[in-house]
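Heads up, the thing below is written out as structure tokens.
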Amino acid sequence: MAKIISWNINSVRLRLPLLAKLVTQQKPDVICLQETKANDDVFPLSALTDLGFAHIAFSGQKSYNGVAILSKIPFASQRVMQIAGSQDKRHIAVTLEGGVELHNFYVPAGGDIPDVTLNPAYDFKLRFVEEMTAWSNNLRKPAIIVGDFNIAPFEHDVWSHKQLANVVSHTEPEITRLNALKASGNWCDVARHFVDEQQKLYSWWSYRNKDWEKSNRGRRLDHIWVTPNLVSNLQSFDILKEMRNWESPSDHVPVIVEIKL
DNA sequence: ATGGTTGGGGGCCAA
């Protein structure tokens with residue numbers, strides 16, 4: 001059984017102490033990070049190796065984006081994709097020893113205005129997910145995709161379906177495209193495999209709130225999906241909500257799957 | 001309708 005975590009860490013260097021605490025508490029085999037916000041030459045490789053991860057793949061850039069996979073399981077191979085014509089570091093993939101492909105994505109947030117003619121970032125986000133779909137169609141199986149998809153697809157993936165209907169992350173064009181991606185690989189949404197669709201489920205709470213826990217205006221932006229042939233291998237799913245109250249937290253909390261590889 | 005906070009990096013931009 002392998003425990004795999006996906007977490008938008010919002011600066012890998014700033015949050016090394018939280019990462020250490022997470023590793024101590026959860027003892028994961030693999031951690032996929034997004035928004036490392038560090039160029040490769042300042043990536044804290046030795047500190048992460050010291051946390052027990054002998055195998056680390058990373059692809060970063062200065063200030064923005066950046067992804068990494070920390071693993072106790074060896075990699076048979078690793079690679080990155082450039083998506084939607086961008087140089088952004090938003091994807092990294094490894095083939096885990098045993099043959100399962102693990103893909104880690106940081107989907108663009110898409111800016112504030114949900115209009116492709118007024119907001120190039122929103123257009124980029126939609127095209128990014130469309131290109132993921134084209135990629136997914138040609139994927140060899142079995143595979144796991146994780147990451148900050150920056151889209152909350154279901155009604156109860158947001159605190160208010162009505163109030164967020166025109167807010168980027170929960171708009172119809174985004175959800176339509178995410179559903180197309182999901183259908184292209186017949187992907188299993190692991191969170192909703194374990195937790196009923198009618199139950200509220202969030203992985204992100206804005207910093208711009210006096211009391212995130214009391215207002216509880218969350219969104220489920222972080223996802224773990226597996227190919228159909230891995231569904232019977234799923235053991236558990238969890239969202240580490242309490243980590244949002246740790247000192248100097250990310251605005252995202254880790255999502256966790258246990259799966260037989 | 002607006003603003004609220006955070007991180008990186010040294011300007012504001014992105015989230």
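Throughout, protein chains are lettered first and strands after them, A, B, ... in sequence-line order, and every chain is numbered starting at 1.
Contacts with DNA chain B (heavy atom under 4.0 Å) in residues 203-222 of chain A: A:Y207, A:R208, listed by number. Heavy-atom distances under 4.0 Å link DNA chain B to A:A109 of residues 109-118 of chain A, given in residue order.
Not a single salt bridge (Lys or Arg N to Asp or Glu O under 4.0 Å) links A:K3 to another residue, sequence neighbours left out. Under the side chain to side chain contact (heavy atoms under 4.5 Å, CB included) criterion, A:L118 pairs with A:I113, A:D115, sequence neighbours left out. Scored by the salt bridge (Lys or Arg N to Asp or Glu O under 4.0 Å) test, A:K89 finds no partners at all (sequence neighbours excluded).
Along DNA chain B, the nucleotide closest to A:R13 and the one closest to A:N8 are compared, and the more 5′ of them pairs with A:R13. A residue-by-residue look at A:Y64 and A:T36 shows that A:T36 has its nearest nucleotide of DNA chain B further toward the 5' end.
Here the separation of B:dA14 from B:dG9, taken at their P atoms, is 15 Å to the nearest Å. Nucleotides B:dT2 and B:dT6 place their P atoms 23 Å apart, quoted to the nearest Å. Between B:dG4 and B:dA15, the two C1' atoms lie 13 Å apart (nearest whole Å).
Listed for the A:N216 side chain is no donor-acceptor partner under 3.5 Å among the backbone atoms of A:W212.
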Apply salt bridge (charged side-chain N to carboxylate O under 4.0 Å, His left out) to the pair A:E101 and A:R79, showing each step before the final yes or no.
CA-CA 11 Å; A:E101 284 191 23; A:R79 65 189 182 281; 3.2 Å; yes
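Close to B:dG10, at under 4.0 Å from its OP1 or OP2, lies a side-chain N or O of A:K62.
Checked against a 6.0 Å centroid threshold, the rings of A:F149 and A:W225 count as neighbours.
A salt bridge between A:R244 and A:E213 is absent, with no side-chain N of the basic residue lying under 4.0 Å from a carboxylate O of the acidic one.
Closest to the side chain of A:S63, out of B:dG9, B:dA14, B:dA15, is B:dG9.
Under the salt bridge (charged side-chain N to carboxylate O under 4.0 Å, His left out) criterion, the residue pairs touching residues 169-198 of chain A are A:K125-A:E174, A:E130-A:R177, A:D157-A:R192, A:D189-A:R220, with sequence neighbours excluded.
Among A:V107, A:T176, A:N150, the single residue meeting the side-chain contact (heavy atoms from CB on, under 4.5 Å) criterion with A:V129 is A:V107.
Spacing between atom CD of A:Q34 and atom P of B:dA15 amounts to 14 Å, rounded to whole angstrom units. Look at CG on A:N150: it is 8 Å from C1' on B:dA15, rounded to the nearest Å.
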